[in-house]
Amino acid sequence: MAALSTTAGLGLRGVNASATAENRLNVRTASAFRKDSALRPFRLLRQDRNNFGKRYVSDWTVFNQLTFASAVYVYFTNLLPGITFASDLYVLMGQNWGTIEVVFSTGLCGAIFSLCSIQPLTILGVTGPFSALAENIYSLCTDSFRIDFLSFMAWSLIHSGWMHWLLAIFNAHDWTTMYVTEFSCEIFSVLNSIIYFHKAVQELQRAHSDLSFAAFLYAIIGAAGTFLLALFVSEAEKWPPIFHRYVRTGLREYAAAISIIFFIGMPYVGELRSLDKGTLYTSSHAFRPTKPGRAIITILFFFDHEISSIICTIKCYGTKKPTGFAQDIVLLGATTALCGILGIPPANGLLPQAPLHSESLMHNVKGEYTEETVLDKHGIERLVQRPVQRVYEQRWSTFLHAGAISVFICPPLQLVFGLKPTSVLAGLFIFMGEQSLSVNPILQRTFWVLTPASGLPPLPEKIKSYWPIHAYTLFEIVMTVVIFIVTLTLAGPAFPVIIIALVLFRLLAMNRLWNRKVLRYVDRWACRGGFPEGDDEHSQTQDMEEKPAPLVPPLASA
């Protein structure tokens with residue numbers, strides 16, 4: 001009897017323990033759905049709706065010469081890389097998608113977002129990572145699954161659409177805010193730059209195989225010339241004052257357009273007219289698709305769009321208006337599904353075009369200055385005043401550039417694409433890759449790796465050596481190269497998962513490989529102030545108070 005009662009007591013305690021654990025789980029789950037908690041449905045969407053109303057009218061009241069110049073700049077830096085991707089898609093995907101589909105998608109999605117998004121600075125287009133993903137999906141459909149590519153892609157995009165809506169309804173941006181650091185953003189940005197450089201090389205490889213040797217040599221000259229002239233003119237404000245300041249400013253604002261127009265015209269002048277040319281394929285029929293008849297994407301699009309939206313509104317651009325992300329993810333889901341139904345490639349937030357758009361809208365705020373101490377050439381400290389710079393927050397540049405792109409699906413303007421040498425597009429790809437890479441912290445830290453110790457800037461007192469920083473930089477470069485190599489294999493569709501896994505690796509493992517002070521020096525939260533390692537106990541508590549309670553404890557402390 002005693003043994004029986006003991007066994008019964010143990011069983012009762014086991015049942016009680018199980019019930020207690022279940023109650024704790026129920027309490028934690030219920031708390032996550034309370035008002036203002038992490039998974040409260042539609043919480044961020046309600047905030048975005050209110051913010052959208054506060055800013056919408058004022059977004060249309062700002063229009064000036066700089067806004068128009070920005071629209072022209074974004075027009076070229078969005079359209080031409082897009083149709084270069086179209087050239088790739090046309091060649092590598094059985095002519096299912098071509099120039100007309102990419103132009104239609106870019107113009108349609110851009111116009112919708114310029115009118116309805118809460119982040120009008122974000123630029124949409126067909127991205128390099130999606131092109132790499134689509135090429136791999138096409139290979140799987142034709143070589144492995146033996147199914148129609150367009151049908152498979154249509155259903156993939158439709159399913160991706162409702163997945164975007166679920167992410168927005170359950171406040172997925174909160175998880176981006178809580179867990180994503182600049183480590184993952186920097187790697188993703190460098191990956192985009194590498195894809196741009198790789199596409200330029202592919203264009204020149206096609207020129208080598210399709211053109212005569214003389215024409216191929218000119219293609220190299222055209223690509224290098226487009227890049228170098230755009231780079232040279234983009235630095236016009238730093239030239240000696242041989243022109244008026246307004247002239248130099250105008251040259252800088254239209255640098256890409258000037259270079260592109262110049263090198264598009266060059267092959268049609270003088271003896272160069274006799275050279276054979278590699279140009280974009282275009283149909284002579286109006287509004288006719290390239291080929292008549294007709295879940296991992298969600299991860300890629302959500303992360304890509306979130307990062308591009310975040311980067312184009314970071315603190316250095318001085319944005320003041322209320323913002324949001326959930327509403328744009330709903331809109332992105334709608335346009336993604338719509339593109340699937342229409343049989344065209346979907347568009348989403350672009351890197352580096354989105355931050356370059358913000359850069360092109362920067363201006364000096366009249367009457368506002370900041371003071372900073374600088375060393376002159378004699379080593380003497382001087383206090384100097386610099387004007388405060390801020391971006392023009394408006395919708396006109398996005399709307400105008402999207403509208404201008406849409407015009408080119410109409411005859412006879414669509415035939416103009418057939419005049420564009422692909423070598424010019426290769427040069428523009430190199431320019432875009434360079435512009436994106438030039439503002440990435442990885443590049444500066446790479447220069448530090450190559451700089452003698454005597455030439456390096458001083459470190460904070462608690463960091464004794466640059467070697468851990470160099471190791472961190474080299475690790476970022478290695479991971480970027482690994483992800484790029486994956487995009488070239490049959491495992492290519494999985495590369496967005498690797499980027500998401502890096503977010504977890506940063507929070508769970510890297511603090512065991514690098515000193516806390518080193519990580520605080522090279523990395524920080526991407527969407528909020530502070531660091532994953534925290535400043536001190538007070539700052540950690542403050543960060544927790546500012547963010548809604550998550551369903552599970554933060555990964556950094558797991």
Side-chain angles (χ1 to χ4, degrees), residues 28 38 172-191 194 299 302-303 306-307 310-311 440-451 453 456-486 491 494-558:
R28 291 177 64 189
H173 176 68
D174 275 349
W175 302 90
T176 304
T177 302
M178 284 190 288
Y179 298 136
V180 175
T181 70
E182 291 179 356
F183 168 76
S184 304
C185 298
E186 289 171 2
I187 289 177
F188 191 73
S189 180
V190 173
L191 176 65
I194 293 177
I299 298 175
F302 176 76
F303 192 80
E306 283 267 295
I307 297 305
I310 290 166
I311 291 178
N440 194 305
I442 291 179
L443 181 64
Q444 180 59 62
R445 292 200 299 269
T446 302
F447 290 152
W448 288 351
V449 174
L450 305 174
T451 302
L456 292 171
L459 288 170
E461 290 182 5
K462 296 185 179 180
I463 301 178
K464 304 301 182 184
S465 169
Y466 261 97
W467 286 111
I469 297 171
H470 295 339
Y472 177 90
T473 303
L474 293 174
F475 179 73
E476 286 186 307
I477 294 172
V478 168
M479 289 309 305
T480 305
V481 172
V482 168
I483 296 171
F484 174 69
I485 292 173
V486 168
F495 82 86
V497 178
I498 301 176
I499 296 173
I500 298 299
L502 286 176
V503 175
L504 302 177
F505 179 80
R506 164 66 181 91
L507 298 176
L508 296 175
M510 288 184 66
N511 55 359
R512 302 176 185 177
L513 302 175
W514 277 272
N515 181 275
R516 176 174 176 267
K517 298 296 182 182
V518 171
L519 290 177
R520 279 172 43 81
Y521 183 72
V522 296
D523 194 23
R524 62 191 304 115
W525 294 119
C527 312
R528 55 186 169 117
F531 310 88
E533 289 70 32
D535 293 320
D536 49 37
E537 186 176 346
H538 172 72
S539 66
Q540 291 176 350
T541 304
Q542 188 176 25
D543 279 348
M544 291 298 294
E545 290 174 352
E546 291 175 354
K547 295 296 170 187
L551 178 60
V552 295
L555 295 176
S557 60

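Positions are given from 1, in the same order as the sequence printed here.
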Only counting residues at least two apart or in another chain, list the ones meeting side-chain contact (heavy atoms from CB on, under 4.5 Å) with [X].
{"X": "P457", "answer": "W448, Y466"}
{"X": "L513", "answer": "F505"}
{"X": "L502", "answer": "F183, S184, I187, M479, I483"}
{"X": "T446", "answer": "I442, T473, I477"}

Next item on the list: Give every residue pair that meets the salt bridge (Lys or Arg N to Asp or Glu O under 4.0 Å) criterion with at least one member in residues 463-474, sequence neighbours excluded.
Entry: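 Listed by first then second residue: nothing to list.
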Next item on the list: Would you mind listing every salt bridge (Lys or Arg N to Asp or Glu O under 4.0 Å) that reaches into residues 441-451, with sequence neighbours excluded?
Entry: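 Output for this query lists E186-R445, R445-E476.
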Taking all non-hydrogen atoms of both residues into account, name the closest pair between [X] and [Y] and its distance.
{"X": "R506", "Y": "D523", "result": "NE-OD2, 2.5 Å"}
{"X": "L519", "Y": "M510", "result": "CD1-O, 3.7 Å"}
{"X": "R524", "Y": "G530", "result": "CB-O, 3.5 Å"}
{"X": "R512", "Y": "L508", "result": "NE-O, 3.7 Å"}
{"X": "A172", "Y": "F302", "result": "CB-CZ, 3.6 Å"}

Checklist line | Polar side-chain atom of W525 near backbone of T181 as donor-acceptor pair, under 3.5 Å | finding: no
In Å and rounded to the nearest 0.5 Å, what is the [atom1] to [atom2] distance from [X] to [Y]?
{"X": "W467", "Y": "H470", "atom1": "CH2", "atom2": "NE2", "result": "6.0 Å"}
{"X": "F188", "Y": "I498", "atom1": "CZ", "atom2": "CD1", "result": "12.5 Å"}
{"X": "I463", "Y": "N515", "atom1": "CD1", "atom2": "CG", "result": "7.5 Å"}

Item checked: E306: partners by salt bridge (Lys or Arg N to Asp or Glu O under 4.0 Å), with sequence neighbours left out -> none
Next item on the list: Sequence neighbours left out, what passes ring pair (Phe, Tyr, Trp, His ring centres under 6.0 Å) with Y521? Give chain and number order.
Entry: none
